[in-house]
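These notes are about the structure you will find just below.
Note on naming: letters A, B, ... go to the chains in the order of the sequence lines (proteins, then strands), and numbering restarts at 1 for each one.
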There are 2 protein chains.
Amino acid sequence: MASEARTKAGGGRPEGGVPSDPVRDIAAAWERERPGTPVSSIGIVTSIWQLAKLFGDDRRRVLARAGVDTATLDLLSVLRRSGEPYTLSTREIGRRSMITAGAVSQRVARAEREGLVARHPAQGRPRTVEVTLTTTGHEVVEATVDQVLHRETELLDGLAPEKQAQLTDLLRTVLQDVQHRLGDDRLTHVGED
Amino acid sequence: MASEARTKAGGGRPEGGVPSDPVRDIAAAWERERPGTPVSSIGIVTSIWQLAKLFGDDRRRVLARAGVDTATLDLLSVLRRSGEPYTLSTREIGRRSMITAGAVSQRVARAEREGLVARHPAQGRPRTVEVTLTTTGHEVVEATVDQVLHRETELLDGLAPEKQAQLTDLLRTVLQDVQHRLGDDRLTHVGED
DNA sequence: ACTGCTACGTTTAGCTCTAAATTTAGACCT
DNA sequence: AGGTCTAAATTTAGAGCTAAACGTAGCAGT
């Protein structure tokens, strides 16, 4: 029992023996405990989940030093990237950041409180609110984005460029496929607005 | 402006033209707006992030129907997988689930309130608390795990088995590498205790 | 034996998210 | 014109998480 990540791989001791593989151990544990458990997705889903956690935690720490939080930087980045006049509807922000309308409202409210964005009703399109980057908000993006992206490039440095390209391709394929299967609704009305 | 995801790909309309690639568009937008921005990590990090979000949201919806939340199922699963006697220290739970000690305390408290786990001081090891699956907790795992894993297998069905294997391999490599670079501290004391 | 030290778990404050209820203001019928 | 519908944003309730402060209890050195 409790053989997971301990049996013979040495659980991380740097002795150069058999390389440990915690994710594979999870699938093996399910099969040992419940033969027939459908484990084939674990090697992909669990790795993705753990990588997202590692990258996310790291990004939070990097940004904390600059006094920003990840949710706010995400909002500012979406606006910055959209180009002049750095303005998007809240609806569009939600779609691009993959969060609910309520989350958009709260992100915008927080950022507005700090003077990073401004809100105003859209011309011609009723019931629509547009969000614009302020000068301060623009400055915050410029001061932090490179740091974050450069840091993440470093973290991936160990993987040969060729393999990085392979991985990028595979992930793009999976992402598109999964989006389709998850009823696509959040992505069908892209080209408009 | 706002050419992101709009320029010519048609933004998801199923017309069979140039396939849209929202992640690539993000890198392109940074380069257009801020030439020199280090965008090389985006194809990997952003895809991982979005996939984690899609899988996570979907899992939450699947589990909501069964009246469980993802954090609780994660706790129960770790215990279930560890095998008889379905018991782990809170420390070990935190390490395996990649969450802080405080988060473990809260997860365990919630699950204990619902009668899914029990807490008791460890024999022989002072200051250590062990958490055990109750019969009810065991039943909840059995009733839900297959559903979740099967669903995720389905979501990945579109990718040929060969490519799934390739992806699994690449992700394992990256995961190990990134963990090393992130000072490893959370993983060095694995085999012990 | 006494005094810090250290390793563990818990509690607290604050942030962020989702889902659901609520508000708001054009648009459509008759 | 007046009532209903609908599409948008916002607010609210509640779940989770992290970081940091706290409590606690063996242990080591003198």
Side-chain angles (χ1 to χ4, degrees), chain A residues 49 52-65 67-75 88-95 97-114 117 119-131 185-186 189 192-193, chain B residues 49 52-65 67-75 88-95 97-114 117-131 185-186 188-189 192-193:
Chain A
W49 176 259
K53 180 100 167 70
L54 291 175
F55 283 126
D57 286 356
D58 189 65
R59 181 179 285 200
R60 179 161 24 76
R61 282 190 287 267
V62 169
L63 286 175
R65 272 178 245 141
V68 197
D69 61 87
T70 56
T72 300
L73 182 64
D74 187 46
L75 170 62
L88 292 172
S89 67
T90 59
R91 195 156 196 67
E92 184 60 17
I93 291 169
R95 195 188 59 77
S97 292
M98 304 180 75
I99 56 176
T100 61
V104 176
S105 263
Q106 295 173 65
R107 280 187 179 189
V108 171
R110 284 193 299 270
E112 192 176 40
R113 227 179 290 135
E114 298 181 65
V117 302
R119 231 183 310 203
H120 50 81
Q123 293 267 356
R125 277 175 312 172
R127 297 183 298 281
T128 291
V129 172
E130 285 186 340
V131 182
D185 310 325
R186 277 177 299 274
H189 6 85
E192 247 319 348
D193 278 67
Chain B
W49 176 258
K53 181 99 166 71
L54 291 175
F55 284 127
D57 286 355
D58 189 66
R59 181 179 285 201
R60 179 159 27 74
R61 282 190 288 267
V62 168
L63 286 175
R65 272 178 246 142
V68 197
D69 61 86
T70 57
T72 300
L73 182 64
D74 187 47
L75 170 62
L88 292 172
S89 68
T90 59
R91 193 152 199 70
E92 184 60 16
I93 290 169
R95 195 189 57 79
S97 292
M98 303 180 77
I99 56 177
T100 61
V104 176
S105 265
Q106 294 173 60
R107 281 188 179 188
V108 171
R110 284 193 299 270
E112 192 176 39
R113 226 180 290 135
E114 299 181 65
V117 302
R119 229 183 314 203
H120 50 81
Q123 293 267 356
R125 277 174 313 172
R127 297 183 299 281
T128 292
V129 172
E130 285 186 338
V131 182
D185 308 326
R186 277 177 299 276
T188 36
H189 6 83
E192 248 316 350
D193 276 70

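As a whole-Å value, the separation of A:Glu112 CD from D:dT11 C1' is 15 Å. Whole-Å rounding puts the B:Glu130 CD to C:dC8 P distance at 13 Å. Spacing between atom CG of A:Leu63 and atom P of D:dT18 amounts to 17 Å, rounded to whole angstrom units. Counting to the nearest Å, the C1' atom of C:dA19 and the CG atom of B:Asp58 are 16 Å from each other. In this structure, A:Ile99 atom CD1 and D:dA9 atom C1' are separated by 13 Å, rounded to whole Å. The separation between B:Glu114 atom CD and D:dG14 atom C1' is 14 Å, rounded to whole Å. Protein atom CZ of A:Arg95 is 18 Å distant from nucleotide atom C1' of D:dA9, rounded to whole Å. Between the C1' atom of C:dG9 and the CD atom of B:Glu92 lies a distance of 15 Å, rounded to the nearest Å.
Within the structure, a side-chain polar atom (N or O) of A:Arg119 is placed less than 4.0 Å from OP1 or OP2 of D:dT10. In this structure, B:Arg110 reaches the D:dC17 phosphate: one of its side-chain N or O atoms is under 4.0 Å from OP1 or OP2. Contact annotation: B:Thr90 side-chain N/O to C:dG9 OP1/OP2 distance is under 4.0 Å. OP1 and OP2 of C:dT16 both lie 4.0 Å or more from every side-chain N or O belonging to B:Lys53.
Heavy atoms of A:Thr100 sit under 4.0 angstrom from at least one base atom. Residue-level contact check: B:Asp57 touches neither bases nor backbone, having no heavy atom under 4.0 Å from any strand. If you check every strand for non-hydrogen atoms under 4.0 Å, B:Ala101 touches a base. Residue A:Ser105 is classed as a base contact, given a heavy-atom separation below 4.0 Å to a base. Using a 4.0 Å heavy-atom distance criterion, A:Ala103 is classed as a base contact.
The listed nucleotides are D:dT18, C:dC8, C:dC17; the one nearest the side chain of B:Arg127 is C:dC8. Out of C:dC8, D:dA19, D:dA9, the shortest distance to the side chain of A:Arg61 is found at D:dA19.
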Working for side-chain contact (heavy atoms from CB on, under 4.5 Å), residues A:Glu112 and A:Val131: CA-CA 9 Å; A:Glu112 192 176 40; A:Val131 182; over 6 Å; no

Is there a salt bridge (Lys or Arg N to Asp or Glu O under 4.0 Å) between A:Arg110 and A:Asp69? Walk through the geometry before answering. CA-CA 11 Å; A:Arg110 284 193 299 270; A:Asp69 61 87; 5.1 Å; no

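The 5' end of DNA chain D is approached more closely, in terms of each residue's nearest nucleotide, by A:Val108 than by the other of A:Val108 and A:Arg60.
A salt bridge links B:Lys53 with B:Asp57: the closest approach of a Lys/Arg side-chain nitrogen to an acidic carboxylate oxygen falls below 4.0 angstrom.
Residues B:Val129 and B:Arg91 have side chains not in contact (no heavy-atom distance under 4.5 Å, counting atoms from C-beta outward). B:Ser97 is listed as a side-chain neighbour of B:Arg107, based on a closest heavy-atom distance under 4.5 Å.
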